[in-house]
Amino acid sequence: MIDVSVIIAAYNAEDTIAETLESVLASRNVSLEVIVADDCSQDRTREIVAANPDQRVRLVALASNRGPGGARNAAIAAASGKWLAMVDADDTISPDRLFRMIARGEAVAAEIVVDNLEVLEPEQPRRVMFDRAMLHAMPELDLAGFIASNVLFASRHNFGYLKPVFSRSFLLEKGLSFDEKLKIGEDYLLLARALAEGGKCAVEPEPGYVYLIRQGSISRVLQGHHVEAMLEADRGFIARYRLSGAAERAQRRRTASLKEALAFIALIDALKARSPSGALRAALSRPAALRHLKMPIAARLQRLAARLRRRKKFPDLPVVASGSGSAGEARSPGFSAGLQDVKSSEANFHREG
């Protein structure tokens, strides 16, 4: 049996897939296969993968678009390695990453291994995502810690970015796969399920995965229907697994944060559409969402609510708390004047989410 099957889901990745494959094929001290599931790309992704001369590269050409989870599931179904390593089609890995992770996992009889990441962003210096000392002090990641790190807005360290290596036999035994209904968060849910099934997750503190941040990436543009799907998936997760203690408390915070995110997105959409009443309804459905707006637009919404109360149209409207900043910033009149603040707040939200 080969050591590891590298799973790559690809969609319109012609600009990056060759470099991704080159980095994976340069892995040292492990036997591997690379399975690229092309999710009906409209560019030359399939041709580039098919033309790769390395016999370890296999192309799975999907007949219909199944999304990132479905593409990964198709690649996993074709895999034969002892371990499964997930790599995105626009990222790269270091030559010793797979060997180091497998060695760490086998040394402690773990079913899952995660490692640190380097972040590569255009016109920014490369940086390590997680503090090495923090990860050195955390040799194992548990379910409570993983869920707690995926509370939107509140989490300092979001472990949802981790790219796990899984024992293939463990996933098969537990019947675990990616949720194909999710376009964002499918990797979070699989790791959460694996931990809830009792999987031991070892942590490698050194970075071996290079995570590329690029404009237009789906993981950078969170939309309302994405959050609704994540909430639905979380409801299924809670129904399937009986959480208790710290994990249950973390899940409650995560659920609240997703609902807050949904209200925030509705608020942003209403502001973009220049709909004060829609923005107000969204804000009042989840007043905490206003914390993530810049002060000027939050102050305008407060003034609008006050006017409506004075006119007795909505006498029971609560006073909503504004975001951080000085009240003196809210001097310019007019609802549309806050759109620049909306863009800034929206960008900050996507970075957090």
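Note that these values count all heavy atoms, side chains included, but never hydrogens, waters or copies made by symmetry.
- In the model, Tyr209 has no side-chain atom that pairs as donor or acceptor with a side-chain atom of Asp115 under 3.5 Å.
- Side chains of Ile93 and Val87 form a contact here, defined as non-hydrogen atoms less than 4.5 Å apart.
- A donor-acceptor contact under 3.5 angstrom links the side chains of Thr255 and Gln251, judged on distance only.
- The structure places CZ of Arg44 at 12.5 Å from CD1 of Ile17, a figure rounded to the nearest 0.5 Å.
- Applying the side-chain hydrogen bond (donor to acceptor under 3.5 Å, both in side chains) test to Arg242 and every residue at least two apart in sequence or in another chain returns nothing.
- Here Leu258 contributes atom CG and Leu231 contributes atom CG; the two are 4.5 Å apart, rounded to the nearest 0.5 Å.
- Put simply, CZ on Arg126 and CG on Leu212 are 10.0 Å apart, with the number rounded to the nearest 0.5 Å.
- Using a 4.0 Å cut-off between charged side-chain N and carboxylate O, Glu206 and Arg100 make no salt bridge.
- Under the ring pair (Phe, Tyr, Trp, His ring centres under 6.0 Å) criterion, the residue pairs touching residues 171-202 are Phe146-Tyr188, with sequence neighbours excluded.
- Between Met1 and Ser80, the closest heavy-atom pair is CG-O, 3.5 Å.
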Between Leu162 and Leu141, is a side chain to side chain contact (heavy atoms under 4.5 Å, CB included) present by the stated rule, with each step listed?
CA-CA 11 Å; Leu162 297 172; Leu141 176 62; 4.0 Å; yes
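- Val203 places none of its side-chain heavy atoms less than 4.5 Å from the side chain of Pro139.
- Salt-bridge formation is detected for the pair Glu106/Lys82: a Lys NZ or Arg NE/NH1/NH2 atom is positioned less than 4.0 Å from an Asp or Glu carboxylate oxygen.
- Applying the ring pair (Phe, Tyr, Trp, His ring centres under 6.0 Å) rule to Phe170 yields no partners; only residues at least two apart in sequence or on another chain are considered.
- Under the 6.0 Å cut-off for aromatic ring centres, Phe130 and Tyr161 do not qualify, their centroids lying 6.0 Å or more apart.
- Between Leu98 and Val6 the shortest side-chain heavy-atom distance falls below 4.5 Å.
- For the pair Asp187/Lys163, a side-chain contact is recorded, criterion being any heavy-atom separation below 4.5 Å from C-beta on.
- Between Asp39 and Asn65 the shortest side-chain heavy-atom distance falls below 4.5 Å.
- A donor and an acceptor atom, one from each side chain of Asp43 and Thr45, are located under 3.5 Å apart.
- Other residues, nucleotides and ligands contribute over 12 non-hydrogen atoms within 6.0 Å of the NZ atom of Lys200.
- Every residue two or more places apart in sequence or in another chain that forms a side-chain hydrogen bond (donor to acceptor under 3.5 Å, both in side chains) with Glu186 is listed here: Arg72.
- The structure places CD1 of Ile147 at 11.5 Å from CZ of Arg252, a figure rounded to the nearest 0.5 Å.
- Counting only residues at least two apart or on different chains, the ring pair (Phe, Tyr, Trp, His ring centres under 6.0 Å) pairs with a member in residues 232-260 are Phe237-Tyr241.
- The shortest side-chain heavy-atom distance between Pro207 and Arg132 falls under the 4.5 Å cut-off.
- Residues forming a side-chain hydrogen bond (donor to acceptor under 3.5 Å, both in side chains) with Asn73 (at least two apart in sequence, or on another chain): Glu180.
- Between Glu197 and Arg240 there is a salt bridge, with a side-chain nitrogen of the basic residue lying less than 4.0 Å from a carboxylate oxygen of the acidic one.
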